[in-house]
2 protein chains.
Amino acid sequence: MTPPRDALSHDRVLQAALALADAHGLDALSMRRLGAELGVEAMSLYRHVPNKEALLDAMVDAIVRSWIDAGDAASTDWRDRLGAIMHRAHATMLARPWSVELITVRPRVGEGRLRYAEAVTTALLEAGFTPQLAHHGLHIVDGTIMGFTAQQARRPTAVALGDRVQALADGSLAHEYPGISRTIREHHDHDEEYALMVDLVIEGLARLRDGEAPRRTGLGANYALAIS
Amino acid sequence: MTPPRDALSHDRVLQAALALADAHGLDALSMRRLGAELGVEAMSLYRHVPNKEALLDAMVDAIVRSWIDAGDAASTDWRDRLGAIMHRAHATMLARPWSVELITVRPRVGEGRLRYAEAVTTALLEAGFTPQLAHHGLHIVDGTIMGFTAQQARRPTAVALGDRVQALADGSLAHEYPGISRTIREHHDHDEEYALMVDLVIEGLARLRDGEAPRRTGLGANYALAIS
DNA sequence: GGTCGATAGCTTACGACGTAAGCATACAGC
DNA sequence: GCTGTATGCTTACGTCGTAAGCTATCGACC
């Protein structure tokens, strides 16, 4: 059967879902609305997607896949390779703010995430990290990307919604929160801030590899035990 | 009117919501079920809580509030103060895995979050950081806590759900993903890994304060522009 | 002590949501 | 032309958050 020009397919559904989230946010992405966007009833989508969860997973993987680039491996400097990945991940997520939430919450390991993890891991291994340390490094890089980006992505909302943020900015809470009041008025370039952290992390990883014992603040377990 | 022993109140609703999430996860927290748990109809809750969103925000703030401790300020060493906060935050979130998702997604600035931000900021300011750098430091610390913890919290799920993770562990995907296959079999202590990152970040902040120019991997903006 | 206003909880109802089950259509291969 | 299979539609169920209005209880005051 030659499908008509506008036949559905897994990919068409996926693309429409991405477009809908881009246009109206993640909350607007319901199966009914997605169907409508495709000129089709909601239930028809289930011919091409097992359920909504799987669709969300596919969306996540499509995005994570774009974090890496075939050209990365060409660079010989592992710092550049890692930096490129981290900045690309940051930029692509900020371009679709809804994706941050989605990626944070859905841990399914798909093709894209595997390729990304592989790229980071091999960069570290080739740079002389032990397998143990490379594994830690992957988690540290991952945490850095997600944590910083998540925080940055939700900052505009925080400003828009937080009545208190205004009070802080105009100084009326200066007595209660002197520290924040003093720092909040600075001008901040968030992209530059991220670059700062990326370099901080990469430099820290290099020092770990080189066996320079970090000045320990005390074993983490102590704190964990102290409060549990 | 003396309320009967079991009268509702904002606090009782909040505590019940926390308990329900602890016991059955965030998905189980519906207004109907929460009401049932309190022996009350769903709509009765709305006398004490404006809507579900506000309840979730209150839950978040109750948790974030526990990240700091009055004793922190007593310590003179800023590394210890920061380390204590970061480890406490990590531990309290892991103790309630559902909170990670909630905190990541809801950026409302409440009392607890302000106090936490203030504690981190003043620790940095008192350690000689410029206001500008202290502000960056807060975001870096925040990103580190959330990113790493989020990733760790969802890792068990990733293992449970990812059919591929098994394939990686037993080596059948070694050809496609040699790097991950090599590192995934290492034994990992995740708390120790977090301690590693905390020290890495604190040490990196110290170097920023001391004006040691990090070895730049190239300006972040370059990457961002290259792909957008 | 009778009345009154406020408070707390209940009832009903609406419009979303994800999706199970079964039906209708339309094509490909014979 | 017949038949099997793939595709999309229809209907329906149980869930959700919450708007609107009702009822019952109780302290405060005349």
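Below, read A as the first sequence line, B as the second, and so on, with proteins coming before strands; counting in each chain starts at 1. Everything numeric here is computed off the predicted structure, so don't read it as measured data.
Contact of the B/R113 side chain with the B/I103 side chain is registered, since non-hydrogen atoms from C-beta on lie closer than 4.5 Å. Counting heavy atoms from C-beta outward, A/Y177 and B/R115 have side chains that approach closer than 4.5 Å. Side-chain atoms of A/L205 and A/V141, non-hydrogen and from C-beta on, do get closer than 4.5 Å to each other. Counting heavy atoms from C-beta on, the side chains of A/H136 and A/Q132 come closer than 4.5 Å.
The aromatic ring centroids of A/H139 and B/Y194 lie 6.0 Å or more from each other.
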Contact letters for nucleotides 11-21 of chain C, in which S counts primed atoms plus P, OP1 and OP2 and B counts the base, heavy atoms under 4.0 Å:
BBB---BBBBB
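The distance from atom CG of B/D57 to atom CZ of B/R108, rounded to the nearest 0.5 Å, is 5.0 Å.
Listed pair B/H48 / C/dT7 fails the phosphate criterion, with no side-chain N or O lying under 4.0 Å from OP1 or OP2.
As rounded to whole Å, 13 Å separates atom C1' of D/dT7 from atom CZ of A/R12. Note: CG (B/L55) to C1' (D/dC16) measures 15 Å, nearest angstrom. For the pair B/R47 CZ and D/dT23 C1', the interatomic distance rounds to 11 Å; values are reported in whole Å.
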